[in-house]
Number of protein chains: 2
Amino acid sequence: MEFRILIYSRDAQLFLLLQHVLATEGFVVSLAGGANDILKLVFNDRVRAVVIDGSATRLDLYPFRAKHPHVSFILLLNQPVPPRGFGSAMADADLVLTRPFDPSLLIQFLRRLRVEAVVTKRGTRSAETPLRFADLEMNSTTVKVRRNGHEVPLTALQFRLLRHLLKDPEVVQSRDALIAACWSREAEVEPRTVDIHMGHIRRALKKYGPDLIRTVRSHGYALAAEASPDNHPLT
Amino acid sequence: MEFRILIYSRDAQLFLLLQHVLATEGFVVSLAGGANDILKLVFNDRVRAVVIDGSATRLDLYPFRAKHPHVSFILLLNQPVPPRGFGSAMADADLVLTRPFDPSLLIQFLRRLRVEAVVTKRGTRSAETPLRFADLEMNSTTVKVRRNGHEVPLTALQFRLLRHLLKDPEVVQSRDALIAACWSREAEVEPRTVDIHMGHIRRALKKYGPDLIRTVRSHGYALAAEASPDNHPLT
DNA sequence: TTCGCAAGTTTGTTGCAACAAAATTGCGAC
DNA sequence: GTCGCAATTTTGTTGCAACAAACTTGCGAA
């Protein structure tokens, strides 16, 4: 996931100024034309934070938050007392700024986000950025994977595959699901190709500990702390 | 004389954003509470430019212009067609921007102004703490980089690039992010061009120690203490 | 029923050609 | 001297065919 920031506002001047400010800090900024843009980009995993100008519209963050815990939402309110309907949005936002707000606060927040982890209203949460499972740790910001302190070199594709597994470690991902999640939309890849890359990841990880990749016959792959043999009685 | 810019606006949000943007560029910014402030500060000979938000009030620039030819006036208009009464102000302004305006235009203008005024330049900037990483040290005030005590000669662009990496040393910066942060806003540069400059920086730094630039394939660049344990991912 | 085993499935691994990305060089513009 | 970019070289990555290994299933014999 790249570190893109989406701004949703009807105030063109605000957007231009914010864009300038954020670009100066090295953030990649996009303007959301409407709620659909937010949906599309967030679902494509292209966005790390969304700035919502309170004057833009009402928007229920809840559905986003549930599916994308690693995306931060920043709310810009026009008045100290939020209008009706924003109650829930406020409760769900990670940062609420009341206009006029000091851009430094926004930048401070985003820089912290970039370096550390997902920041929420309740403080720093290690939900996404260091992704963990057993003795494995993946940091998407520094693009590093380490196991037991050893850095594990992975290619970009291997990184994406492992990240997808790490998001829901116990869930078995079908080959098609992995292809959909880790390859570009137009790519046409044989399901068996997934096997090959899982093999590479498996080998890379096994260098520093027991196998973490669980093959679920005729279903797909998942992570497993111990390569536990299926405890199904036979026949 | 410091390069002070006065902003005259009733829009607190605009002021805060502009202040931030301009402060980032090294300008000193003040808010004018009213026309009197303009008078006072301009008469004190501390102000080199005045930004007047068209929504603030009508203001006849003529008396100012006559007495203070060295002060530039920038007018921000809300509509392409100025309301009555602004005719003369427009004619007298040094720069007129219609909202929504691109902050780059304002900066461009002010920069030029500053360059012209550089005759009396004095390096009285506040001392920032130098940026460090491993055996590398960057002093933004003196604009010098040294590694292991050796001074590393860098061009301005190389300096900006390295500085941006140093701000968050472990974080991988995409080429687009580096372009956004280190090139002027209007510059259009190919992402590949970043490679070339990273190569130059890399070479310059390697003169006094091991490689510090970490290339993260298909992501971007970062700094790394141990360049890479020549582990190649297995394919 | 349980066991052995052959036939059929599914998964693991390897080598390599094709491709993609990054490093480097050289040149023209300023 | 600095910069951007096109062109070239170098390096790294990916997909797939081919084969090996592991696992399942079906079925006959004990």
Side-chain angles (χ1 to χ4, degrees), chain A residues 2 143 145 152-162 172-176 178-207 211-222 224 227-235, chain B residues 143 145 152-162 165 172-176 178-179 182-207 211-222 224 227-235:
Chain A
E2 65 185 297
V143 195
V145 172
V152 183
L154 295 178
T155 71
L157 177 57
Q158 290 162 6
F159 191 89
R160 291 197 296 275
L161 282 164
L162 183 55
V172 177
Q173 304 284 347
S174 71
R175 292 176 176 74
D176 285 342
L178 288 165
I179 289 170
C182 303
W183 269 263
S184 73
R185 188 176 299 282
E186 61 271 18
E188 288 182 19
V189 182
E190 300 294 318
R192 291 287 277 113
T193 297
V194 174
D195 296 25
I196 293 154
H197 295 291
M198 295 309 296
H200 293 153
I201 298 169
R202 180 175 262 149
R203 183 143 49 117
L205 294 181
K206 269 210 278 196
K207 199 165 178 185
D211 196 5
L212 283 177
I213 307 277
R214 177 161 76 107
T215 307
V216 183
R217 196 163 231 267
S218 67
H219 290 273
Y221 295 92
S228 59
D230 287 330
N231 42 2
H232 295 301
L234 301 181
T235 49
Chain B
V143 197
V145 173
V152 183
L154 294 179
T155 70
L157 177 57
Q158 290 163 6
F159 186 88
R160 291 197 295 276
L161 283 165
L162 184 55
L165 290 183
V172 176
Q173 303 285 350
S174 71
R175 293 177 175 74
D176 285 343
L178 289 166
I179 289 171
C182 302
W183 269 262
S184 74
R185 217 39 48 101
E186 58 272 15
E188 288 185 16
V189 181
E190 297 296 317
R192 289 272 143 236
T193 297
V194 175
D195 296 25
I196 293 151
H197 295 289
M198 296 308 296
H200 293 153
I201 297 170
R202 179 175 263 149
R203 185 149 35 136
L205 294 181
K206 269 210 277 196
K207 200 163 179 182
D211 195 4
L212 284 177
I213 307 276
R214 171 176 169 232
T215 306
V216 183
R217 208 160 218 271
S218 71
H219 290 267
Y221 294 93
S228 67
D230 59 56
N231 295 340
H232 288 295
L234 16 107
T235 70

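What you are looking at is a predicted structure, and each value in this text was computed from that prediction instead of being measured. Scope of the values below: all heavy atoms of this structure, side chains included, with no hydrogens, waters or symmetry mates. In the text below, chain A, chain B and the rest are named by the order of the sequence lines, each starting its count at 1.
Separating the CD1 atom of A:Ile201 from the P atom of D:dT13 is a distance of 13 Å, rounded to the nearest angstrom. The CG-P distance, from A:Leu178 to D:dG15, rounds to 13 Å in whole Å. In this entry the distance linking CD1 of A:Ile179 with C1' of D:dG15 reads 11 Å, nearest Å. Taking atom NE2 on A:His197 and atom P on D:dT13, their separation rounds to 12 Å, with Å as the unit.
Look at B:Trp183 and you'll find a side-chain N or O under 4.0 angstrom from OP1 or OP2 of D:dG4.
Sorted by first then second residue, the salt bridge (charged side-chain N to carboxylate O under 4.0 Å, His left out) pairs that include residues 191-200 of chain A, not counting sequence neighbours, are A:Arg175-A:Asp195, A:Arg192-A:Asp195.
In this structure, NE2 on A:His200 lies 10.0 Å from CG on A:Leu157, to the nearest 0.5 angstrom. With values rounded to the nearest 0.5 angstrom, A:Ile196 atom CD1 is found 12.0 Å from A:Ile201 atom CD1.
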Could you list all N or O pairs between the protein and nucleotides 22-27 of chain C that sit under 3.5 Å apart?
from	atom 1	to	atom 2	distance (Å)
C:dA22	OP1	B:Arg175	NH2	3.4
C:dA22	OP1	B:Ser218	N	2.8
C:dA22	OP2	B:Arg175	NH2	3.3
C:dA22	OP2	B:Arg192	NH1	3.4
C:dA22	OP2	B:Arg192	NH2	2.5
C:dA23	OP1	B:Arg202	NH1	2.8
C:dA23	OP1	B:Thr215	OG1	2.8
C:dA23	OP2	B:Tyr221	OH	2.6

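Residues that satisfy the side chain to side chain contact (heavy atoms under 4.5 Å, CB included) test with B:Glu186, not counting sequence neighbours, are B:Ser104, B:Gln108, B:Ser184. The side-chain hydrogen bond (donor to acceptor under 3.5 Å, both in side chains) check on B:Arg202 picks up B:Asp211, B:Thr215, with sequence neighbours excluded. Looking at residues two or more places apart in sequence or on another chain, you find no ring-ring contact (aromatic ring centres under 6.0 Å, His included) involving A:His219.
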Task: A:Leu162 and A:Leu205: CA distance, side-chain angles, deciding distance, side chain to side chain contact (heavy atoms under 4.5 Å, CB included) verdict - done: CA-CA 10 Å; A:Leu162 183 55; A:Leu205 294 181; 4.3 Å; yes
- [ ] Go through the steps for B:Lys207 and B:Val152 under the test side chain to side chain contact (heavy atoms under 4.5 Å, CB included), then give the verdict.
- [x] CA-CA 9 Å; B:Lys207 200 163 179 182; B:Val152 183; over 6 Å; no
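Scanning residues 153-161 of chain B for heavy-atom distances under 4.0 Å to DNA chain D yields B:Thr155, B:Leu157.
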